[in-house]
Number of protein chains: 2
Amino acid sequence: MKKTCLAGNDCPLSRAYGAVGDWWSLLIVTRVLLGERRRFSEIQEDLGVARNILSARLRKLVEEGILEKVPAPDGSLYQGYAPTEKGRALFKVIVALLQWGETNCRGSPGATSSLVDRRRGRPVPAIEVRAADGRVLGPDDLRLVTPGTVKA
Amino acid sequence: MKKTCLAGNDCPLSRAYGAVGDWWSLLIVTRVLLGERRRFSEIQEDLGVARNILSARLRKLVEEGILEKVPAPDGSLYQGYAPTEKGRALFKVIVALLQWGETNCRGSPGATSSLVDRRRGRPVPAIEVRAADGRVLGPDDLRLVTPGTVKA
DNA sequence: CCGTATCCATTCCGATACTG
DNA sequence: CAGTATCGGAATGGATACGG
């Protein structure tokens, strides 16, 4: 997909794409956010991504204000990465996608829910879209309003 | 990103990526799901995507069981596309990403929320991750359990 | 109108070598 | 350890021409 095609677009989904960039970035943010793996080599090891790619993605994520550089947690002189508020807000997206994958893309049969509530150690229930009055909404209950000429 | 790197992976996020494929696919599903644009040319027009790309994505989405071919709504002899249950389940992900984009990637200043509750015509509140007891969870309240050797 | 097949340019990714 | 620079192969995307 050509960047310019969607980058300048007014659609929130397109802007989100422009900011996040690609799936590597989402995986990286996931590690930093949920995995407490905040250092270059830790992320690199976990993801198995090439170092130059990781480097480029981290730089972009910092530019976009999704991550920020912080002093390493262990006091060493190297960098660590922490999510900003904007990055932390992404966790709803990650949870939604994670749950969708668990429910709809079952791989090995033994695989179980992998997201747990820390306080109780219990699985996190499926995320729901709710109206202001609290009722659960489905796709047919929503309408996508496109003020300008731009769609989706 | 090499497909094989994540496709065979046991991580739900990776499987989700393998199934959805790319951002074009997400945009396509969005149109079909929320935009009631269910025919080839309608989607093509809205998204401005090349026809060969759209063709390939639609085929993949059908293969993955996210969309299915249906008779065209107007009774013409051409195809239409409808979301399956699996595809409909994706709408939570789309809403999450849409809302994130609205909140965190504001483009033109005039842009407002574009997702409304059909019944009341009111904006849909921000989606929340909740524990079983209903309390709202943040990133720090979650733990990602990795049963096997595979991460993320 | 609904796609598919081909061509070409661009981009992406991984491996490797290198710097501080 | 934490990156950056470069290179070659692979995949992607758009335009176009073509077939059902």
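Chain identifiers are assigned alphabetically (A, B, ...) following the order of the sequence lines, protein sequences preceding nucleic acid strands; residue numbering begins at 1 within each chain. Hydrogens, waters and symmetry mates play no part in the numbers below; they use all other heavy atoms, side chains included.
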Ignoring backbone atoms, test whether [X] places a side-chain nitrogen or oxygen under 4.0 Å from the OP1 or OP2 oxygen of [N].
{"X": "A:R51", "N": "D:dA5", "value": "no"}
{"X": "A:S41", "N": "D:dA2", "value": "yes"}
{"X": "A:R39", "N": "D:dA2", "value": "yes"}
{"X": "B:Y81", "N": "C:dC2", "value": "no"}

A:V116 and B:L142, any side-chain heavy atoms less than 4.5 Å apart = no

Do [X] side-chain atoms and [Y] backbone N/O form a donor-acceptor pair below 3.5 Å?
{"X": "B:Q44", "Y": "B:V49", "result": "yes"}
{"X": "B:Q99", "Y": "B:I127", "result": "yes"}
{"X": "B:R118", "Y": "A:D140", "result": "yes"}
{"X": "B:W100", "Y": "A:G87", "result": "no"}

Taking atom [atom2] of [N] as reference, at what distance in whole Å does atom [atom1] of [X] sit?
{"X": "A:K60", "N": "C:dC12", "atom1": "NZ", "atom2": "C1'", "result": "14 Å"}
{"X": "A:I28", "N": "D:dA2", "atom1": "CD1", "atom2": "P", "result": "14 Å"}
{"X": "A:Q44", "N": "C:dT16", "atom1": "CD", "atom2": "C1'", "result": "13 Å"}
{"X": "A:W23", "N": "C:dC12", "atom1": "CH2", "atom2": "C1'", "result": "17 Å"}
{"X": "A:R57", "N": "D:dG3", "atom1": "CZ", "atom2": "P", "result": "15 Å"}
{"X": "A:R37", "N": "D:dC1", "atom1": "CZ", "atom2": "C1'", "result": "14 Å"}
{"X": "B:L27", "N": "D:dG13", "atom1": "CG", "atom2": "P", "result": "12 Å"}
{"X": "B:D22", "N": "D:dT12", "atom1": "CG", "atom2": "P", "result": "8 Å"}

When you get a sec, tell me which of [options] is the closest nucleotide to the side chain of [X]?
{"X": "A:I53", "options": "C:dG14, D:dG13, D:dG3", "result": "C:dG14"}
{"X": "B:F40", "options": "C:dA15, C:dG3, D:dA2", "result": "C:dG3"}
{"X": "A:W24", "options": "C:dC2, C:dC13, D:dG14", "result": "C:dC13"}
{"X": "B:K69", "options": "C:dC2, C:dG3, D:dC1", "result": "C:dG3"}

ask   = What stems, by residue range, does DNA chain D take part in, given at least 3 consecutive Watson-Crick or G-U pairs under 3.5 Å?
value = C:3-20 with D:1-18

ask   = Could one point to a donor on the side chain of B:N52 or the base of C:dT6 with an acceptor on the other under 3.5 Å away?
value = yes

query = Which residue, B:L33, B:L47, B:V20, forms the side chain to side chain contact (heavy atoms under 4.5 Å, CB included) with B:I28?
reply = B:L47

task = Quickly, which of B:R31, B:R39, B:R38 forms a salt bridge (Lys or Arg N to Asp or Glu O under 4.0 Å) with B:D46? Name it, please.
result = B:R31

